Q: 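Starting off with a structure, shown below.
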Amino acid sequence: MKRQIVALCVLAFASHAVMAEKPENVKVPDYSQYILTPKPGKAPRINGAKLFGARPGSQFLFTIAATGERPITFSAKGLPEGLTLDKKTGRISGRVNKAGEYKVALTAANSHGTAERELRIVIGDRIALTPPMGWNSWNCWGRDVTQEQVLSSARAMVSSGLADHGWTYINIDDGWQGNRGGKLNAIQGNTKFPDMKALTREVHDLGLKLGIYSTPWVGTYAAHVGSYADTPDGKYKWIENGNRNENYRYTLPTGDYMQYRKDVRYLSPYSFVKNDAKQWAEWEVDYLKYDWKPNDVEHIVEMHDALRATDRDIVYSLSNNAPLCDAPALVKYADCWRTTGDIRDNWDNFSKIGFSQARWAPWSGPGHWPDADMLVVGLVGWGPKLHYTKLTPDEQYTHMSLWSLFCSPLLIGCDLARLDPFTFSLLSNDEVIDVNQDPLGVHGAPIVENDKEAVYVKQLEDGSMAVGLFNKTLESRDITIKMSALGFYEPKTVRDLWRQKDVDKTDDKYTAKVNPHGVVLVRIY
């Protein structure tokens with residue numbers, strides 16, 4: 001990852017004592033006039049993934065996401081042997097020993113009605129059969145993240161209602177690591193993370209899943225210990241020399257950034273990958289972000305094998321800037337891989353990332369997802385001081401629409417405890433999320449692309465097609481798509497997904513006025 005290099009030169013060796021800016025000091029604009037997503041009704045609606053994968057014998061946890069007035073009673077017909085449903089919470093848990101595909105009829109009922117939906121459970125070799133949806137700590141808290149901030153985000157994901165729309169993972173990025181130790185001689189939590197087992201337990205009790213971070217380097221980008229060490233017994237030179245703070249983060253009095261890179265960011269002969277994987281499994285971790293550059297196949301395979309040797313289904317996500325030439329290996333060994341350096345909350349950065357993903361289309365599909373990095377919406381800041389995203393409302397619609405069209409993992413990067421109404425509306429549109437979570441897993445691709453506009457198309461499992469009309473200019477622009485260019489020769493209905501309403505019926509062409517840096521996202525059926 002490119003970790004704010006200029007800032008690191010000055011701050012990389014500072015203490016973590018600075019606290020986050022108080023909520024009243026952060027200016028949050030009132031974007032209520034830009035909200036397009038209708039509020040859900042009182043009757044139930046089942047949301048999120050329609051396809052879920054687990055390996056034979058692994059611990060299974062799937063929470064049925066549903067909106068509607070509580071209480072809601074859940075039922076599931078056709079669950080494979082070994083799984084049970086909590087009818088009050090909608091959580092399906094247990095272990096399935098027999099491989100196969102199971103079609104399960106889900107029902108959610110309350111006093112206002114009943115909703116039904118099919119869930120396909122596939123017990124086999126692959127997991128992450130739809131792109132992971134969740135939250136990551138880096139774009140908000142950076143290296144200053146604490147256990148309480150992670151728990152705060154988990155609680156807010158549930159209390160805000162985001163979990164009712166399919167958001168599942170709570171992922172700790174760099175900054176949790178203390179020294180190596182314990183019965184497995186594995187990385188332990190630092191003073192900011194005093195009880196990792198209790199953390200995963202509370203996250204799971206909320207019906208969510210927990211992710212963690214590491215690297216095959218001796219030290220991470222934020223200068224904590226990695227999954228390799230300097231000695232055969234798991235020691236680190238800078239720790240032995242006393243060049244660390246109370247959280248076992250590398251420090252150097254001179255603040256010499258280049259010295260920091262030499263002392264931390266390198267590969268060594270002494271691997272503790274198996275130790276760490278066993279520790280994460282014991283903590284019941286569900287997701288790993290494994291971060292270094294360049295991603296090399298040898299170290300990719302090593303961690304893959306170590307994770308598979310445990311009895312947990314741990315989503316394996318590589319970072320950062322994966323080389324396209326290694327795509328076949330990425331598909332084989334990883335569930336997700338970062339295609340870029342770190343994203344920033346400005347048009348130039350995020351649009352370059354967003355409009356450069358088509359090269360990954362052939363390598364995307366259930367169980368292997370190119371990852372365009374996190375969603376820079378809401379309160380971000382990379383720790384500890386937060387600010388509201390610098391993207392305009394239209395740019396944020398473009399952000400979410402693009403990531404949905406090309407099946408990127410959806411990882412929120414903001415402070416979930418301080419979600420404003422506009423950001424919540426952006427993250428809770430179930431018809432847009434359905435495009436990202438479509439079981440077919442087709443990566444959207446452009447059929448029109450120039451410096452002024454782009455038209456991206458994505459085939460969906462039900463035979464319809466999602467189409468994004470993007471305006472790259474600073475002036476409103478009419479953008480037209482011909483039905484024949486999509487292969488449609490009969491009258492079709494055009495549905496505006498952000499507004500969740502049908503807007504046209506055509507057998508010729510569809511034209512939309514698109515705001516500057518904005519999008520009109522439709523489904524044609």
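This chain uses plain numbering: 1 for the first residue, then up along the sequence. This structure is a prediction, so every number in the text was calculated from the model and none was measured.
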Q: Could you check whether K289 pairs with D173 (Lys NZ or Arg NE/NH1/NH2 to Asp/Glu carboxylate O, under 4.0 Å)?
A: yes
Q: Please give me the minimum heavy-atom distance between V514 and L469, naming the atom from each residue.
A: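 Heavy atoms of V514 and L469 come nearest at CG1-O, 3.7 Å.
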Q: Does the side chain of D342 pick up a donor-acceptor pair with the side chain of N320 at under 3.5 Å?
A: no
Q: Indicate yes or no for a side-chain donor-acceptor contact from S401 to the backbone of Y397 under 3.5 Å, with no hydrogens or angles considered.
A: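 Side chain of S401 to backbone of Y397, a donor-acceptor pair under 3.5 Å: yes, one is there.
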Q: Around R45, counting heavy atoms of other residues, nucleotides and ligands shown, do more than 12 lie under 6.0 Å from its CZ?
A: yes
Q: Can you tell me if K192 uses its side chain to pair, donor with acceptor, with the backbone of V145 under 3.5 Å?
A: yes
Q: With sequence neighbours left out, what residues match E148 under side chain to side chain contact (heavy atoms under 4.5 Å, CB included)?
A: T146, L151, R155
Q: So with a 6.0 Å cut-off around CD of Q459, is the heavy-atom count from everything else above 12?
A: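 Result for CD/Q459: open.
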Q: Is there any salt bridge (charged side-chain N to carboxylate O under 4.0 Å, His left out) pair reaching into residues 511-525, and which pairs are they, with sequence neighbours excluded?
A: D462-R523, D478-K513
Q: Could you give me the CA-CA distance, side-chain angles and deciding distance for Q149 and S137, then say whether side chain to side chain donor-acceptor pair (under 3.5 Å) is met?
A: CA-CA 9 Å; Q149 288 167 342; S137 63; over 6 Å; no
Q: In Å and rounded to the nearest 0.5 Å, what is the CG to OG distance from N436 to S408?
A: 7.5 Å
Q: Using atom types as modelled and distance alone, determine if a side-chain donor or acceptor of N136 lies under 3.5 Å from a backbone N or O of L411.
A: no
Q: Evaluate whether atom OH of Y510 has more than 12 neighbouring non-hydrogen atoms of other residues, nucleotides or ligands under 6.0 angstrom away.
A: yes
Q: Look up atom CH2 in W176 and atom CG in N190, then write down how far apart they are to the nearest 0.5 Å.
A: 8.5 Å
Q: Within a strict 4.5 Å, meaning less than it, do heavy atoms of the L330 and W363 side chains meet?
A: no
Q: Run the numbers on D286 and H204 for side chain to side chain donor-acceptor pair (under 3.5 Å), then give the verdict.
A: CA-CA 10 Å; D286 305 287; H204 289 163; 2.7 Å; yes
Q: Do the side chain of N295 and the main chain of S319 share a donor and acceptor less than 3.5 angstrom apart?
A: yes
Q: Please list, one pair per line, the donor and acceptor atoms closer than 3.5 Å that link side chains of residues 438-451 to other protein atoms, with sequence neighbours excluded.
A:
residue: D438; atom: OD1; partner: E461; partner atom: N; Å: 3.2
residue: D438; atom: OD2; partner: L440; partner atom: N; Å: 3.2
residue: D438; atom: OD2; partner: E461; partner atom: N; Å: 3.0
residue: E449; atom: OE1; partner: Y456; partner atom: OH; Å: 2.9
residue: E449; atom: OE2; partner: K472; partner atom: NZ; Å: 2.3
residue: N450; atom: OD1; partner: K452; partner atom: N; Å: 2.8
residue: N450; atom: OD1; partner: E453; partner atom: N; Å: 2.8

Q: What pairs of residues pass the salt bridge (charged side-chain N to carboxylate O under 4.0 Å, His left out) test when at least one of them lies in residues 353-381, not counting sequence neighbours?
A: R338-D373
Q: Got a donor-acceptor contact below 3.5 angstrom from the N429 side chain to the V432 backbone?
A: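 Present.
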Q: Do the side chains of R70 and D164 get close enough for a salt bridge, i.e. N-O under 4.0 angstrom?
A: yes
Q: Locate the shortest heavy-atom distance separating L51 from L119; write the atom from each residue and the value.
A: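 Residues L51 and L119, closest heavy atoms: N-CD1, 3.9 Å.
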Q: Quick one, Y213 with D291, criterion side chain to side chain donor-acceptor pair (under 3.5 Å). Give me CA distance, side-chain angles, the key distance, then yes/no.
A: CA-CA 8 Å; Y213 173 100; D291 187 16; 2.7 Å; yes
Q: Can a salt bridge be assigned to the pair R117 and D434 using a cut-off of 4.0 Å between side-chain N and carboxylate O?
A: yes
Q: Can you tell me how far CH2 of W498 sits from CG of L521, rounded to the nearest 0.5 angstrom?
A: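 L521 atom CG to W498 atom CH2 measures 7.5 Å (nearest 0.5 Å).
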Q: Report the distance from atom OG of S364 to atom CH2 of W369, rounding to the nearest 0.5 Å.
A: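 So the gap between those two atoms works out to 5.0 Å.
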Q: Sub-3.5 Å donor-acceptor pair from the side chain of D504 to the main-chain atoms of T506, do we have one?
A: no
Q: Distance from I212 atom CD1 to D174 atom CG, nearest 0.5 Å?
A: 11.0 Å
Q: State which residues pass ring pair (Phe, Tyr, Trp, His ring centres under 6.0 Å) with F52; sequence neighbours excluded, sorted by chain then number.
A: F60, F62
Q: Rounded at 0.5 Å granularity, tell me how far CD1 in I353 sits from OG1 in T340.
A: 4.0 Å
Q: Listed by chain and number, what are the side chain to side chain contact (heavy atoms under 4.5 Å, CB included) partners of P29, not counting sequence neighbours?
A: Y31, Y388
Q: Establish, yes or no, whether the cationic atom of R344 lies under 6.0 Å from the six-membered ring centre of W382 and within 45° of the ring axis.
A: yes
Q: Using distance alone, with no hydrogens and no angle criterion, decide if D430 and H165 have a side-chain donor and acceptor under 3.5 Å apart.
A: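 On atom types as modelled, these side chains qualify, holding a pair under 3.5 Å.
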Q: Just checking, is any N or O donor in the side chain of T473 or N471 under 3.5 Å from an acceptor N or O on the other one?
A: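 A pair is found: one side chain offers a donor N or O, the other an acceptor, under 3.5 Å apart.
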Q: Could you tell me whether D345 and K390 have a side-chain N and a carboxylate O separated by less than 4.0 Å?
A: no
Q: May I ask you to decide if G142's main-chain N or O and N139's side chain share a donor-acceptor pair within less than 3.5 Å?
A: no
Q: Donor-acceptor check, side chain of W135 to backbone of C414, threshold 3.5 angstrom: yes or no?
A: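 Yes, because the side chain of W135 sits within donor-acceptor range (under 3.5 Å) of the backbone of C414.
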Q: Could you give me the CA-CA distance, side-chain angles and deciding distance for T480 and T511, then say whether side chain to side chain donor-acceptor pair (under 3.5 Å) is met?
A: CA-CA 4 Å; T480 298; T511 300; 2.7 Å; yes
